[in-house]
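Here the structure is a predicted model, which means the values were calculated and not measured. In what follows, residues are counted from 1 in the order of the sequence shown.
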Amino acid sequence: MARYTCSFTVSVASDHLLPLLVELLQDCQLDIQYYTGDYIIAREVPGHVPFPKLITVEVLIDKSKSTETETRMSIVIKNEELPLQLDNYCRQMFEVIKQSIESSRHWHLIESLAG
């Protein structure tokens, strides 16, 4: 199973971050499967790639360390594909979503840590 993680600190209150993230993930052609005030699960829509390559994105918003102006979040992007190549499909989608978060006009990126 391919799995890539990253943490971000962005300059937006946690209460405002969830709807912005839902919109961002939908713009990345992902279907929101589940969300609460601090957690989102989104999946890639079937039809464009084989089923084992379909990615799942999990976003956790860390409200315990949030301030009125900064929020930390972590993302996990995974699929059932064996990561036999460094530039596999899951890694490519990870880079697309990571870049979307880093360049979003809705907040200023304070910190980005890839794991």
Side-chain angles (χ1 to χ4, degrees):
M1 177 191 305
R3 178 184 174 102
Y4 300 94
T5 62
C6 194
S7 295
F8 302 95
T9 303
V10 294
S11 63
V12 66
S14 63
D15 295 341
H16 299 155
L17 184 58
L18 183 71
L20 297 173
L21 282 172
V22 167
E23 181 182 334
L24 183 139
L25 293 171
Q26 289 172 332
D27 289 346
C28 291
Q29 308 305 313
L30 298 169
D31 184 36
I32 306 302
Q33 301 288 305
Y34 175 81
Y35 68 93
T36 64
D38 60 355
Y39 186 71
I40 303 170
I41 296 179
R43 290 203 74 190
E44 190 171 15
V45 178
H48 300 291
V49 295
F51 186 76
K53 289 188 176 189
L54 292 175
I55 63 163
T56 300
V57 178
E58 296 180 35
V59 181
L60 177 62
I61 300 168
D62 188 356
K63 290 188 172 186
S64 67
K65 296 180 182 172
S66 295
T67 67
E68 290 182 18
T69 59
E70 292 182 5
T71 304
R72 184 177 172 105
M73 65 177 156
S74 299
I75 63 167
V76 176
I77 298 174
K78 59 188 177 180
N79 69 5
E80 297 300 321
E81 175 184 26
L82 291 175
L84 299 176
Q85 300 172 341
L86 184 59
D87 190 30
N88 59 64
Y89 181 74
C90 189
R91 177 66 180 208
Q92 292 168 2
M93 291 303 295
F94 170 76
E95 292 298 333
V96 166
I97 294 167
K98 181 174 175 264
Q99 182 64 31
S100 294
I101 292 170
E102 291 175 343
S103 63
S104 175
R105 63 180 171 82
H106 295 293
W107 53 69
H108 174 72
L109 181 69
I110 297 170
E111 181 180 38
S112 174
L113 300 170

request  = Find out if a path of hydrophobic residues (ILVMFWY) with successive side-chain heavy-atom gaps under 4.5 Å connects Val76 to Met1.
outcome  = no

ask   = If we ignore angles and hydrogens, is there a donor and acceptor under 3.5 Å between the side chains of Thr69 and Ser11?
value = no

request  = Could you tell me the separation between the CD1 atom of Ile77 and the CD atom of Gln92, rounded to the nearest 0.5 Å?
outcome  = 12.5 Å

inquiry  = Could you tell me if the side chain of Val49 sits less than 4.5 Å from the side chain of Asn79, heavy atoms only?
reply    = no

inquiry  = Quick check against the 3.5 Å criterion: does Ser66 have a side-chain atom that pairs as donor or acceptor with the backbone of Thr71?
reply    = no

query = Quick one: are Ile40 and Val57 in side-chain contact, heavy atoms under 4.5 Å?
reply = no

ask   = Hey, what do you get for CD1 (Ile97) to CG (Leu21), rounding to the nearest 0.5 Å?
value = 11.0 Å

ask   = Is the shortest heavy-atom distance from the side chain of Arg72 to the side chain of Leu113 under 4.5 Å?
value = yes

query = Which heavy-atom pair separates Ser112 from Cys6 by the least distance, and what is that distance?
reply = OG-SG, 3.8 Å

ask   = Are Val12 and Leu109 connected in a single hydrophobic cluster, I mean Ile/Leu/Val/Met/Phe/Trp/Tyr linked by side-chain heavy atoms less than 4.5 Å apart?
value = yes

ask   = Donor-acceptor pair, Glu81 side chain versus Lys53 backbone, under 3.5 Å?
value = no

CG-CD distance between Asp15 and Glu68, expressed to the nearest 0.5 angstrom = 10.0 Å

Separation of Lys98 NZ from Thr5 OG1 (nearest 0.5 Å) = 11.0 Å

query = Shared ILVMFWY cluster between Ile32 and Leu18, side chains joined below 4.5 angstrom?
reply = yes

Crowding at CD, Glu111 (>12 non-hydrogen neighbours, <6.0 Å) = yes

ask   = Is the shortest heavy-atom distance from the side chain of His48 to the side chain of Gln29 under 4.5 Å?
value = no

request  = Report the distance from atom CD of Gln99 to atom SG of Cys28, rounding to the nearest 0.5 Å.
outcome  = 10.5 Å

inquiry  = Could you go through Leu24 and Ser104, starting from their C-alpha distance and side-chain angles, then the distance that decides it, and tell me whether this counts as side-chain contact (heavy atoms from CB on, under 4.5 Å)?
reply    = CA-CA 8 Å; Leu24 183 139; Ser104 175; 4.1 Å; yes

Min side-chain heavy-atom separation Trp107-Leu17 under 4.5 Å = yes

request  = Taking the side chain as every heavy atom from C-beta outward, state whether Ile101 and Met73 have any pair of such atoms under 4.5 Å apart.
outcome  = yes

request  = Measure from the side-chain N and O atoms of Ser100 to the backbone N and O of Val96, and report whether any donor-acceptor pair falls under 3.5 Å.
outcome  = yes

query = For Gly37, does its backbone N or O pair with a side-chain atom of Lys63 as donor and acceptor, under 3.5 Å?
reply = yes

message = Are Pro46 and Leu54 packed together at the side-chain level, in the sense that at least one heavy-atom pair is separated by less than 4.5 angstrom?
response = yes

task = Working to the nearest 0.5 Å, report the span between CD1 of Ile55 and CE of Met93.
result = 4.0 Å

message = Contact between Lys78 and Glu58 at the side-chain level, heavy atoms closer than 4.5 Å - yes or no?
response = yes

task = Establish whether Ile41 and Leu25 are linked, either directly or via other cluster members, by ILVMFWY side-chain heavy-atom contacts under 4.5 Å.
result = no

